[in-house]
Every structure is written in C-alpha cells, then in structure tokens.
Amino acid sequence: MTMTSASIRRAFLDYFASKQHQIVPSSSLIPGNDATLLFTNAGMVQFKDVFLGQDQRNYNRAVSAQRCVRAGGKHNDLENVGYTARHHTFFEMLGNFSFGDYFKQEAIAYAWEFLTSVVKLPKEKLWVTVYETDDEAYNIWLKDVGVPAERIIRIGDNKGAPYASDNFWAMGDTGPCGPCTEIFYDHGAHIWGGPPGSAEEDGDRYIEIWNIVFMQFNRHSDGRMEQLPKPSVDTGMGLERIAAILQNVHSNYEIDIFVALINAAAEATGAQDLTDKSLRVVADHIRSCSFLIVDGVQPSNEGRGYVLRRIVRRAVRHGNKLGAKGAFFYKLVAALVSQMGEAYPELAEKQAVIEKILKLEEDQFGKTLERGLAILEEALTEIEGTELPGELVFKLYDTYGFPVDLTNDVARERNYTIDQAGFDAAMAQQRKRAQQASNFGADYNASLSSNQHTEFTGYQHEFGNAVVLEILHDGQPVNSLTDAEHALVVLDKTPFYAESGGQMGDSGKLTLANGSVLNVTDTIKLGKAFAHKANISGTITVGDKVNAQIDSARRAAIKQNHSATHLLHAALRKVLGEHVSQKGSLVGPERLRFDFSHFEAVKPEELRTIEQLVNQQIQQNNVLQTQLMPIEQAKAAGAMALFGEKYDDEVRVLTMGEFSIELCGGTHVSRTGDIGVFKIVSEAGIASGVRRIEAVSGTGAILHIQQLEQQAQQVASALKGDVLSIGERVQQALERSKQLEKEIDQLKNKLASQAGASLLEQAEQVSGATVLVSQLPAIEPKALRTMLDELKNKLSSGVIFLATVNDDKISLIAGVTADLTGKVHAGQLVGWVAEQLGGKGGGRPDMAQAGGSDIAALPAAIVAAKNLIKEKLS
C-alpha cells in the first residue's frame with residue numbers, strides 16, 4: 001500500500017519516539033532570537049543554541065518535522081520553483097538529533113533501519129557518501145551495515161580549501177562543524193545522471209534523501225579544529241523527496257499533497273493542462289504564503305513581509321497566465337488545510353485570516369499587474385538583443401511593485417535575460433538617496449558604555465538614597481563635574497525607570513548634601529546600568545551620595561498609559577483576531593502609541609467596541625498582579641511575549657484579571673480603575689500590514705474630551721445650532737455648498753461658451769481647414785475643456801490650440817477634427833509645446849491636455865504652435 005505524506009511523517013516521528021527521542025513540535029518559520037536568518041530553513045535551527053552549548057533541554061534526543069522556507073537571503077530557491085522537480089519555497093524537514101548522546105554508530109543504524117525496515121526501500125537502491133577522511137563512518141557503512149564498497153563514495157575537499165566539501169558541514173566560519181554522510185536513492189537507469197562525485201552527478205537519477213551531520217569539532221578563527229567534548233548529531237530528510245520515492249513518482253510535484261493542490265489550483269484558475277508549470281508554482285506558493293501568515297508575517301515592503309509579497313505576486317502572475325479571472329489564490333487555502341491541517345492545527349485555526357490577507361494582497365496587486373505587464377511586454381518587443389535593461393527592471397520594481405524575480409520569470413519565458421548589474425546599480429543609487437535624505441547625524445549616546453550594574457527600586461519606591469558610580473560628559477568618563485548640561489550619571493540603585501519596552505524613561509531630581517541639584521530629564525539603559533540624563537547645578541563627584549526623587553505626577557500618567565496599552569492589546573486581539581501582534585509602542589505621560597499587525601483599516605464600529613472593552617476593564621477595577629516565573633511556565637500560562645525579543649530564564653508576568661496576561665518589565669497602576677478613562681484619538685496605517693492607534697487615558701483623556709467638546713460648541717455656534725444637531729447642520733451646509741459650486745460651474749461654462757464663440761472670429765483658414773490658436777485669460781482646466789468641445793462642434797474641419805495661466809500654472813489643450821488627425825496629432829502637439837514650457841503631457845490624436853511652468857516662454861511657444869500646425873496642414 002502506498003504511504004501518504006501524512007503517514008510518512010507520522011511513521012518517522014513514531015519510529016524515533018520508540019528510540020527514546022522527544023517529539024518536538026515544529027518551531028515558527030521566524031527564527032526566535034536569531035538575526036542571522038531570514039526564515040527557518042532547516043530542522044536544526046530551533047536547536048542551534050543547544051548545539052552551541054548556550055541552552056539546555058530536559059532531553060538529549062529529539063525528533064521533529066520542521067516547517068522550512070527557502071525564499072530569501074542565502075537560501076533562495078524562488079526562481080527555480082515550478083521549473084524543477086525538487087525546488088520549493090516551503091518544505092518539511094524530518095530530522096533526528098542527539099545532543100551529546102549517541103553518535104555515528106547509532107545515527108547511521110537508525111537511518112538505515114527506518115529506510116529499509118520501516119518504509120521498506122530496496123537496499124540495492126541506496127548509495128551513501130562520506131567525508132574523504134572519515135574512516136569511522138566508512139567502516140560503519142561497510143562492515144556493520146553491509147553496504148557494498150562500490151556504493152560508498154568518499155567526497156573530498158573539492159572547493160579549494162580545507163574542509164570545504166559537500167560532505168563537511170559547518171554552522172559558520174567558526175564554531176561547531178564536522179563531517180557528514182548522505183544517503184542517495186537510485187531512481188533507475190531510465191533517468192539521466194551519475195552517482196555523487198561523478199561527472200554526471202547533477203542529473204536526476206541519484207537523489208539525496210537523508211543527510212547525517214556529525215558535529216565533532218569546534219573550528220577556531222585561526223583554522224584550528226578542536227574536538228568537542230560532547231559530539232552531537234543533526235540529521236535531515238526532506239518529506240517531499242522521500243514521499244516521491246514511496247509513492248513511485250519521480251517529481252515532488254506528483255506526490256499526494258501537490259496533486260491535491262494542483263487540482264485545486266486548476267479548478268480556481270480554469271486551467272485544463274495539469275502539467276502546466278504555472279500550476280506547480282501556484283501549488284508550491286500557497287504553502288509558503290499560508291504558513292508564513294500563520295507565523296505572523298504580513299505582506300509589506302521590507303524584510304520578511306517583502307519576501308511574502310514577492311511569493312504572493314509570483315503566484316498571482318502565474319494564475320493570470322493560466323487564465324484566472326479575478327482573485328483566485330486565497331481559494332486554495334481550504335485545499336491546503338484539508339491536506340496539512342491535521343498535522344498543523346494552527347493552519348485550520350487561522351484559515352479565515354489567511355484567506356482575508358491573501359485576498360487583500362491579491363486585489364491590491366491586481367490593480368497594478370495589468371499595467372506593469374503591458375509595459376514589460378512592450379519593452380520586450382522594442383529592445384535590441386536579448387537583455388532587459390536594468391533601469392527598466394528597476395522602474396518596474398520601484399513604480400509598479402514588480403519583484404525582480406517576477407520580471408525575470410516573464411523575461412525567461414520569452415528567452416530574455418535581465419541586466420542584473422544595471423538593476424543593482426539603480427538600487428544602490430536609490431539607497432544612497434534614501435540615506436542622504438535621512439541623515440540626521442549620529443546618536444549622541446551610541447558610543448557610551450558602562451560596566452556598572454544598577455539595582456532598580458522603582459516598583460516599590462519613587463525616591464531613595466544612592467551612590468554615584470560613574471559620570472559621563474561628552475561621551476567620556478569624568479571623576480567630577482560642575483555646572484554642566486547633558487551629563488549622564490550612573491547610580492548603584494535608582495527608582496528612575498530607564499526607557500525600555502516602549503515606556504519612556506523617568507524624569508525628576510537628584511540632590512546632594514552639598515546643595516547641588518541635578519535635574520534629570522530622562523533615564524536610559526547602558527548595558528545593565530541606568531544612566532540619568534541630567535543638567536547639573538553645583539558639583540557632583542563619583543562616590544557622592546544622592547537622594548533620588550522621580551517626578552511622581554509624570555510617572556503616574558505613564559503608568560496609566562502603560563496599563564491602558566496592555567488592555568488595548570488584549571482588546572485588539574479579541575475584536576480583530578489573534579493574528580494581531582505588537583509591532584512597536586511608545587508610552588509617555590501625555591498619550592500612548594501602539595503599532596500592531598493587521599491587514600486592513602480598523603472599522604469605526606470596531607474601534608468603538610475596542611474602546612468600550614478597555615473601559616469596561618477599567619470599571620471592573622481589577623487588581624494588577626505581577627509574578628516572577630520561568631519563561632516556559634509563563635508561556636504555558638498564556639502570557640504574550642514580543643516575538644524575537646530575548647528574555648531571561650526568569651520573567652516578570654503582569655496579569656489584569658482574566659483579560660490580559662503579558663510579559664512586561666515596566667511600571668503600572670495598582671488597579672485597572674486607576675487608569676480612570678480610555679479614549680482612542682486616531683487609527684491609521686503606517687506600513688503595509690501595520691496599523692497604529694494613538695490613545696489617551698486618565699487626565700489626558702479628560703482633557704481630550706473637553707477639547708472635542710469645545711470644538712463642537714464652536715462649530716455649533718457658527719452653524720447657529722446646538723451640539724446635538726451638529727451632524728444635521730453640517731450636512732445642510734455641505735449640500736448648500738455643493739449647490740452653489742454647481743451654479744458657479746454652470747456660470748463659468750456659460751462665460752467660457754460665450755468667450756469661445758467670439759474666439760472663432762480670430763480663426764484662420766489654412767489649406768481649407770480652420771486653425772484657432774489663442775492664449776486666454778485665467779480659466780480653470782475644466783472650463784477650458786468645455787470651451788474646446790463646444791468650439792470643435794462648430795467646426796467641420798479644423799485644429800484648435802488653447803493656452804491659459806491659472807494660479808501660476810500653464811494649462812494647454814488641443815483638439816483636432818477626425819479628418820485631420822492624420823496630419824496633426826493633438827497629443828504630440830501639446831507634448832511638444834509642453835516641453836518648451838518645462839512641463840509634459842499628451843493624449844489622443846483628437847484631444848489632448850498638458851501643463852507647464854515657464855510662463856515667460858508661453859508667448860513664443862504659442863507662436864511656435866501656430867507655425868507647426870500650419871506647416872503640417874500645408
């Protein structure tokens with residue numbers, strides 16, 4: 001019986017569980033606390049800190065089915081996806097791991113037993129490779145497992161450097177590394193290709209299915225290889241590759257998961273040919289897009305969000321090629337849930353969110369796709385040679401949002417290449433311009449550092465005594481300072497909260513026994529030290545004792561806004577969905593600002609509901625409880641953490657009733673009722689997929705409401721009504737304004753018509769045609785168009801060219817009767833004149849408009865226009 005992909009995944013996990021391996025769920029596609037990776041691209045990523053000795057688990061054997069994406073950064077397979085048998089943006093890596101437990105003997109035995117006994121691959125079909133000098137692995141395969149010597153291949157350093165081999169794995173230039181052994185499957189002599197290490201190794205006959213890495217060395221920067229005290233094992237087997245073998249097909253796109261997705265894609269697009277490579281592209285991309293959204297990525301113009309946007313747009317473009325009418329991509333999520341929802345329940349839980357985000361992105365891209373493709377198609381027919389200019393590629397990217405690989409896709413289908421170097425040069429120029437535009441100078445504090453440690457006492461106290469540990473002025477440590485501005489003073493302990501987690505630093509005073517006073521304007525962190533930004537009146541010396549007193553009123557307002565921020569975050573997730581995650585925040589004394597992931601503007605009724613939920617929690621007056629606990633325990637309790645943030649093993653958990661539980665080190669009110677009242681001030685988008693809410697609480701909210709009331713009263717007074725009837729009065733005023741504007745337009749058109757009638761008296765006859773060229777007094781462009789239409793209607797054969805100056809802007813318009821468009825092209829005429837006036841424009845052969853700015857050049861341009869018309873008519 002043929003094994004399904006799901007049954008293979010289950011068999012792999014069950015087999016290694018029977019060998020005392022801990023089944024570890026797939027980690028997120030967004031690597032936690034690892035800035036070196038764009039996406040999780042291998043099974044070992046979630047265990048990286050364990051291999052480095054920076055993390056310990058309560059198990060030393062693990063097995064996982066890890067979701068992986070390779071579509072950006074170093075590992076980028078995007079351009080090959082759909083055109084080869086085994087490239088994907090998303091794939092599953094089955095892996096077993098030993099953290100200082102078993103090593104080569106057991107790792108090889110486990111792999112062989114699983115392949116030959118559990119899934120029953122023919123032994124004679126399997127080939128293995130080992131690192132050239134790894135005699136231990138070679139002998140295990142030969143003597144213990146019994147693989148014939150002719151099917152064991154030693155792979156040496158074939159890349160021009162020691163340990164630079166396909167069979168020597170390294171985490172980086174330095175650090176854990178070691179030899180690896182790979183298992184290959186022979187698909188048969190009917191497929192071209194040779195075994196690994198041969199001249200034909202790039203063929204498709206011999207396919208790598210399993211890689212076992214033996215991490216036994218630590219490579220130093222000088223190249224020295226040191227034996228690790230606890231050698232470890234890291235393995236990986238692609239689920240899609242082993243499924244293809246066990247399902248008796250050669251291409252990954254023929255396995256059960258892809259057959260179902262390709263059929264769904266064909267149904268959604270109306271495609272008839274199930275072998276069309278575009279169907280492969282769409283089927284692959286729905287997996288990576290859906291799982292990236294599950295893990296919190298949303299389409300945007302930078303970072304991971306940009307990669308997601310590229311994948312979506314590539315899928316949409318291929319759907320367009322297949323004949324899709326309207327949005328189709330989001331419809332495939334249901335088929336994906338059907339195939340993979342059991343293994344990954346989060347996929348089913350967020351199906352509606354995934355569909356909504358994909359549809360919005362697809363609709364947005366559809367608006368520019370048609371125009372961009374038309375420009376690209378036109379360029380391909382006009383360029384000489386077979387290379388698309390880099391400047392055009394950049395224009396498509398910069399103006400129309402076309403990823404370079406999408407342009408490359410289209411070009412490749414027409415047997416063209418793109419000028420990558422030219423594109424890179426244009427991109428470099430854009431980055432240079434952006435850097436120059438945002439060059440605000442270096443941060444004054446960026447180069448400061450301190451090895452001191454400050455104890456924070458501000459949770460319990462707003463004042464206290466402390467000792468000066470360090471003083472910095474102009475970026476340099478000093479022993480003593482007198483009457484200075486902008487000094488940084490580090491204390492051994494302080495009630496001042498240092499800016500962190502979005503909460504602004506405290507302000508206040510430091511006073512000394514000698515009468516000196518330091519006005520603290522802000523507090524920041526320098527490593528584990530708290531530095532007080534202060535203006536000094538008097539003298540302060542390292543070792544002095546100070547009395548620290550924060551600005552209590554300011555702290556109280558900050559606490560109100562910070563606690564309100566937590567309630568807002570919880571309310572957003574309840575109203576908009578659990579896909580909402582914090583993208584940034586700023587908590588100050590006047591107001592709070594909260595940035596969050598969401599795929600569309602928050603509706604007015606949703607904002608009202610969110611505001612009501614927060615105020616309900618305030619009225620319940622729940623006690624805020626804080627508790628220190630291990631990070632894993634906090635997460636298990638449901639505490640929300642900022643993704644990618646590095647937390648200590650022990651964290652501070654803040655709970656507000658059953659409504660909100662988050663990790664937070666900031667200062668807060670004692671009870672929710674202390675917040676007083678909460679009011680949303682504004683909601684807006686700040687980036688693709690990121691929204692921002694600004695709000696006020698406490699006294700700030702009351703002041704805001706009073707200001708709104710004052711403005712409403714002023715408007716009501718101006719409209720001669722009361723506050724409660726403002727809406728009705730404003731509507732009446734708007735309708736009256738529209739009516740007056742309509743009447744004014746009618747009068748302008750009437751005047752323009754009358755002026756136009758007299759203009760015909762200025763017309764000349766040229767070769768049997770009427771030619772009217774004139775500069776008019778200030779006329780609005782709309783009225784100018786009306787005048788032109790009426791004049792053309794009165795001519796049986798003629799050319800009209802009119803110009804006017806309105807608000808220091810030149811407006812040009814030309815009209816040509818149908819019988820003369822072969823001689824005088826209106827669009828070309830106005831475009832030619834506009835260029836002389838520092839402007840541009842164009843249009844149809846019979847009517848066109850343009851603009852300009854060089855008013856002094858207008859008289860000469862009008863004469864030139866008349867002469868040009870006469871020349872073309874003669």
Side-chain angles (χ1 to χ4, degrees), residues 2-12 26 29 39-43 65-71 75-95 114-115 119 121 125-127 182-188 190-193 196 201-211 235-266 271 273-291 311 314-315 318 332 335-336 338-340 343-344:
T2 301
M3 295 184 73
T4 64
S5 297
S7 63
I8 296 169
R9 186 192 301 113
R10 187 70 261 164
F12 184 85
S26 171
L29 288 170
F39 299 114
T40 297
N41 56 24
Q66 175 64 49
R67 295 178 282 122
C68 300
V69 162
R70 291 185 180 176
H75 298 288
N76 185 0
D77 293 337
L78 187 56
E79 292 184 18
N80 294 316
V81 172
Y83 294 92
T84 67
R86 272 165 285 279
H87 277 104
H88 303 291
T89 56
F90 174 94
F91 62 95
E92 291 182 81
M93 185 66 81
L94 306 175
F114 179 79
L115 291 175
V119 299
L121 290 184
K125 287 278 192 178
L126 300 177
W127 292 59
E182 298 176 329
I183 304 173
F184 287 74
Y185 181 81
D186 178 3
H187 277 274
H190 63 289
I191 296 173
W192 179 83
E201 66 178 358
D202 291 333
D204 274 348
R205 175 175 173 179
Y206 297 87
I207 299 300
E208 177 202 338
I209 57 174
W210 200 323
N211 185 17
T235 83
M237 177 169 64
L239 174 61
E240 293 80 6
R241 291 192 177 195
I242 191 67
I245 294 169
L246 294 173
Q247 293 174 19
N248 301 310
V249 295
H250 182 62
S251 168
N252 291 1
Y253 289 98
E254 298 174 60
I255 67 174
D256 55 341
I257 289 178
F258 277 110
V259 167
L261 292 176
I262 286 172
N263 286 334
D273 181 6
L274 294 181
T275 65
D276 195 310
K277 286 183 170 57
S278 287
L279 284 173
R280 290 181 170 191
V281 173
V282 173
D284 170 273
H285 289 7
I286 193 62
R287 298 211 302 169
S288 54
C289 292
S290 297
F291 277 105
I311 301 173
R314 189 169 187 261
H318 279 273
L332 306 186
L336 179 62
S338 176
Q339 289 296 311
M340 302 184 70
Y344 301 103

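In this text the structure is predicted, and so the values were computed from the model without any measurement. In what follows, every heavy atom counts, from backbone to side chain, and hydrogens, waters and symmetry copies are set aside.
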One pair to check against side chain to side chain contact (heavy atoms under 4.5 Å, CB included): K125 and I245. What are the steps and the verdict? CA-CA 11 Å; K125 287 278 192 178; I245 294 169; over 6 Å; no
Heavy atoms, side chains only, cut-off 4.5 Å: are [X] and [Y] in contact?
X    : Y    : result
H88  : Y253 : yes
V282 : I286 : no
I257 : R287 : yes

I need the minimum non-hydrogen distance between [X] and [Y], along with the two atoms involved.
X    : Y    : answer
A11  : M3   : CB-CE, 4.0 Å
I255 : A243 : CG2-C, 3.8 Å
S278 : H318 : OG-ND1, 2.8 Å
Y206 : P196 : CB-CD, 4.4 Å
L94  : A65  : CD2-CB, 3.7 Å
H250 : A244 : O-CB, 4.5 Å

Say you draw a straight line from [atom1] of [X] to [atom2] of [Y]; how long is it, rounded to the nearest 0.5 Å?
X    : Y    : atom1 : atom2 : value
H187 : N248 : NE2   : CG    : 10.5 Å
L246 : L239 : CG    : CG    : 9.5 Å
E201 : F184 : CD    : CZ    : 8.0 Å
F291 : T89  : CZ    : OG1   : 11.5 Å
H285 : L332 : NE2   : CG    : 12.0 Å
N252 : I242 : CG    : CD1   : 11.0 Å

Applying side chain to side chain contact (heavy atoms under 4.5 Å, CB included) to W127 and I183, what does each step give before you reach the verdict? CA-CA 6 Å; W127 292 59; I183 304 173; over 6 Å; no
Would you say [X]'s side chain and [Y]'s backbone share a donor-acceptor pair under 3.5 angstrom?
X    : Y    : value
R241 : I209 : no
D284 : R280 : no
D204 : G193 : no
E92  : E240 : no

My understanding is that only residues two or more places apart in sequence, or in another chain, count here; which of them pass side-chain contact (heavy atoms from CB on, under 4.5 Å) with D256?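 With sequence neighbours excluded, D256 shows a side-chain contact (heavy atoms from CB on, under 4.5 Å) to T4, S5, Q247, given in chain and number order.
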